[in-house]
Chemist: 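Would you mind keeping the following structure in view while I ask a few things?
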Amino acid sequence: MTEPFETSIRNHIAEITLNRPPVNALAGKHWHQLAITINELSNNPQVRVVLIRAEGRGFCAGVDIKELQVRPDMIGSVNKGNYDTFKAIHQAKVPVIVAMHGFVLGGGIGICGAADIVVASECARFGVPEVDRGALGGGAHLQRLLPLQKVRYLYFTGLEMTAQEAARYGGIEAVVKRDQLHDHARAIAEKIAEKSPALISLAKEALNGVEASNLERNYRWEQGFTAQAYLHSDSQMTRDAFVTTGENANF
């Protein structure tokens, strides 16, 4: 079986490439592995920047809903894997850049929202379909990219937003053609890698410290409601509908 992601280091830039067909939805154990990998790269003296990208149809569809459908008791472990991954990105000792394309859903939103710099392809689109999948989470990270009311609009409707529209709010550094995405993100990483790693590390810690709210605490609050949602029959109904037909449940 293909590994869910691959890692390489070149010229002080570590690249993590998500590659779990068909939609880069990661199983619970994969989220834990991803968190460990990011932490290891953050502590590697040869790494000055981490770049996260993906192969396939889209960047990341979040968690593996089909796994949770079979094992709903795994929600606690999956939540922990998500939390650890996003925290590892946000609190990494080095800047983390995300280059995203296609669909960016659920956990993919968490990765982008936790990152320092986000570059998107013209085909990228955001979505938080959590309510339609019987779960919650993602609002804390999406609010680092979009205004509060826009986040709620996406959350409550389940609709998606294009990269071009999202870029208007300032959270996206650039929107480029798909075949230029990797090179553009890599060029930003190379520029940062030229700087003093000690000073860049201090700069990231300082910038995290002056953020308006505590990202990890806010996300933990959301996750408590995800666990609560999984105890509700409506949650089971939405997951049944999605896994069986690929459509949303009607109430």
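In this chain, residues are counted from 1 in sequence order.
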Chemist: Show me, pair by pair, the donor-acceptor contacts under 3.5 angstrom made by side chains of residues 103-110, not counting sequence neighbours?
Modeler:
none

Chemist: Under the side chain to side chain contact (heavy atoms under 4.5 Å, CB included) test, which residues partner Thr37, sequence neighbours left out?
Modeler: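 Phe5, Thr7, Ile16, Leu41.
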Chemist: For Glu15, which residues count as a salt bridge (charged side-chain N to carboxylate O under 4.0 Å, His left out) partner, sequence neighbours excluded?
Modeler: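 So Glu15 forms a salt bridge (charged side-chain N to carboxylate O under 4.0 Å, His left out) with Arg186.
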Chemist: With distance as the sole test, does Glu6 use its side chain to make a donor-acceptor pair with the main-chain N or O of Asn19 at under 3.5 Å?
Modeler: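 Not confirmed, Glu6 side chain does not pair with Asn19 backbone.
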Chemist: Taking the side chain as everything from C-beta on, heavy atoms only, tell me whether Phe86 gets closer than 4.5 Å to Trp31.
Modeler: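 Of all side-chain heavy-atom pairs linking Trp31 with Phe86, at least one is under 4.5 Å.
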Chemist: Please check if the side chain of Ser121 supplies one atom and the backbone of Leu181 the other of a donor-acceptor pair under 3.5 Å.
Modeler: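 Such a contact is absent between Ser121 side chain and Leu181 backbone.
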Chemist: Keeping to residues at least two apart or across chains, list the side chain to side chain donor-acceptor pair (under 3.5 Å) pairs with something in residues 149-173.
Modeler: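 Passing the test, one end in residues 149-173: Arg125-Glu160.
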Chemist: Let me check something: any side-chain donor-acceptor pairs from residues 44-52 under 3.5 Å, sequence neighbours excluded? List them with distances.
Modeler:
| from | atom 1 | to | atom 2 | distance (Å) |
| --- | --- | --- | --- | --- |
| Asn44 | OD1 | Gln46 | N | 2.8 |
| Arg48 | NH1 | Ala193 | O | 2.9 |

Chemist: Does atom CD of Glu205 have more than 12 heavy-atom neighbours from other groups under 6.0 Å away?
Modeler: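 Open.
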Chemist: Could you work out, with salt bridge (charged side-chain N to carboxylate O under 4.0 Å, His left out) as the rule, every residue matching Lys204, not counting sequence neighbours?
Modeler: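 Salt bridge (charged side-chain N to carboxylate O under 4.0 Å, His left out) list for Lys204, sorted by chain: Asp116.
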Chemist: Quick one: does Arg53's side chain have a donor or acceptor within less than 3.5 Å of a partner on Thr17's backbone?
Modeler: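 Absent.
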Chemist: Go through it in stages, so that I can follow the logic: the residues are Val98 and Ile89, the test is side-chain contact (heavy atoms from CB on, under 4.5 Å), and I'd like the CA-CA distance, side-chain angles, deciding distance and then a yes or no.
Modeler: CA-CA 10 Å; Val98 169; Ile89 294 171; 5.8 Å; no
